[in-house]
Amino acid sequence: MIAEPRHAPLLDFHPAADRLRDDVLNGLSATPKTLPSKYFYDAAGSRLFDAICRLNEYYPTRTETAIMESRAAEMAECIGPGAVLVEYGSGSSTKTRILLDRLPDLAAYVPLDISRDHLRRSADRLAGEYPGLPVHPVCADYTAPFRLPAFEQANARWAVYFPGSTIGNFHPNEAIPFLRRVASVVGPGGGLLIGVDLKKDTRVLEAAYNDRRGVTAAFNLNLLHRINRELGANFNPDQFQHYAFYNEGRGRIEMHLFSLADQTVRLNGTELAFEADETILTEVSYKYSLDDFARLAADAGFTVQKVWTDPACLFSVQYLAAA
């Protein structure tokens, strides 16, 4: 017998299969070739990303977690009592628990993620751990339109939690309209608690995306396994190699899949040719100075009210207020 979920019914706006197909074909037909990083997060990709977050080389998760553990009471004070808290890209909601422990009177918590099965399991665990907290999961691509649940507390203050430096996966000209949409979700007087990775030594950055155990490589290559499984493509993942480096001129990590040979892949009746040494750009991760990000936030209609960093200034958690 399947146990009933302990959370509210899931609102499901999971992208249709034809959306994945169209995005993949468009990206792989472009010059240079690209794939959207949001498709990393199927069930296997979500598990691999959780493993990445535990790696010694991957400083963002443990650094952000340490900031949260030491300053979460101040963050909760910024969010305020009786708020509706929406988390974009909730994943396993590990860092969220630190915040929820300081927000005992939330009106509701809305975890939002593109990985449906991972989201269901995570929401069920959270609802069990916080029995007095209304948990309303939403499966959606937060870069596209979606609907949030309605609540009886019509006048509740809204806040979005966007941890993990995911804002860096947006090109700056994409980050501004995205943040404007977040501002429209929280409304005037609402807030955004966001993780922002900071500029630092290139060696530290590149080690974080090229771990010695190869977990990040497996995470990157899993994208090809997913395309094979869900779209019937015939990628040979052994003919591609993970490749990541810091592009200092653009202030970003670039993650690629590097073709090891001349090869042709069939996908949905389309032949896609790859030359040896050709790459597919699968992810960018922009790194900011505090001043750079403050200007970006201002262009999107937010004001930076609080900034918390670690002693080495590797990472920041920031509270932005909507105008």
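Throughout, numbering of the chain's residues begins at 1 and tracks the sequence.
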Quiz item: In terms of heavy-atom contacts, does OH of Tyr243 have more than 12 from other residues, nucleotides or ligands at under 6.0 Å?
Solution: no

Quiz item: Within 45 degrees of the axis of the six-membered ring of Tyr288 and under 6.0 Å from its centre: does Lys199 put its NZ or CZ there?
Solution: no

Exercise. Kindly give the heavy-atom pair with the smallest separation between Phe240 and Leu221, and that separation in Å.
Key: O-CD2, 3.7 Å

Quiz item: Counting N and O atoms only, with roles assigned by atom type, does the side chain of Ser122 sit under 3.5 Å from a partner on the main chain of Leu119, one being a donor and the other an acceptor?
Solution: no

Quiz item: Between the side chains of Asn169 and Ser37, does any donor sit under 3.5 Å from an acceptor?
Solution: no

Quiz item: What orientation do Phe162 and Phe178 show, parallel under 30°, tilted 30 to 60°, or perpendicular over 60°?
Solution: tilted

Self-check item: Given Tyr88, Tyr161, Tyr41, the one that forms ring pair (Phe, Tyr, Trp, His ring centres under 6.0 Å) with Tyr142
Solution: Tyr88

Quiz item: Looking at His242 and Asn220, what are the two nearest heavy atoms and their distance?
Solution: ND1-ND2, 3.1 Å

Quiz item: Just by distance, do the side chain of Glu57 and the backbone of Arg212 share a donor-acceptor pair under 3.5 Å?
Solution: yes

Self-check item: For Leu260 against Asp238, the heavy-atom pair lying closest together
Solution: CD1-O, 3.6 Å

Exercise. Calculate, to the nearest 0.5 Å, the distance between atoms CD and CG belonging to Glu283 and Leu257 respectively.
Key: 11.0 Å

Quiz item: Taking the side chain from Arg62 and the backbone from Asn56, do they hold a donor-acceptor pair closer than 3.5 Å?
Solution: yes

Self-check item: Check: Arg213 side chain, Ile52 main-chain N or O, donor-acceptor pair, under 3.5 Å
Solution: no

Quiz item: Is a side-chain N or O of Ser259 found less than 3.5 angstrom from the main chain of Thr279, in a donor-acceptor match?
Solution: no

Quiz item: Does the pair Glu74/Lys306 count as a salt bridge with the N-to-O cut at 4.0 Å?
Solution: no

Practice problem: For Glu230, enumerate each residue passing the salt bridge (Lys or Arg N to Asp or Glu O under 4.0 Å) test, keeping only those at least two apart in sequence or located in another chain. | Solution: Arg226

Quiz item: Has Glu174 got more than 12 heavy atoms of other residues, nucleotides or ligands less than 6.0 Å from its CD?
Solution: yes

Exercise. Answer with yes or no whether the side chains of Tyr209 and Ser285 bring together a donor and an acceptor at under 3.5 Å.
Key: yes

Quiz prompt | Any donor-acceptor N/O pair, Ser289 side chain to Asp292 backbone, under 3.5 Å | solution = yes

Quiz item: Are the charged groups of Asp23 and Arg19 less than 4.0 angstrom apart, N to O?
Solution: yes

Quiz item: Side-chain donor-acceptor pair under 3.5 Å between Tyr286 and Asp197, yes or no?
Solution: no

Self-check item: Thr31 and Lys33: side chain donor to acceptor below 3.5 Å
Solution: no

Practice problem: Kindly assign one of parallel, tilted or perpendicular to the pair Phe219 and Phe49, based on the angle between their ring planes and the thresholds 30° and 60°. | Solution: tilted

Quiz item: At their closest point, which heavy atom of Ala83 faces which heavy atom of Leu106, and how far apart are they?
Solution: O-CD2, 3.2 Å

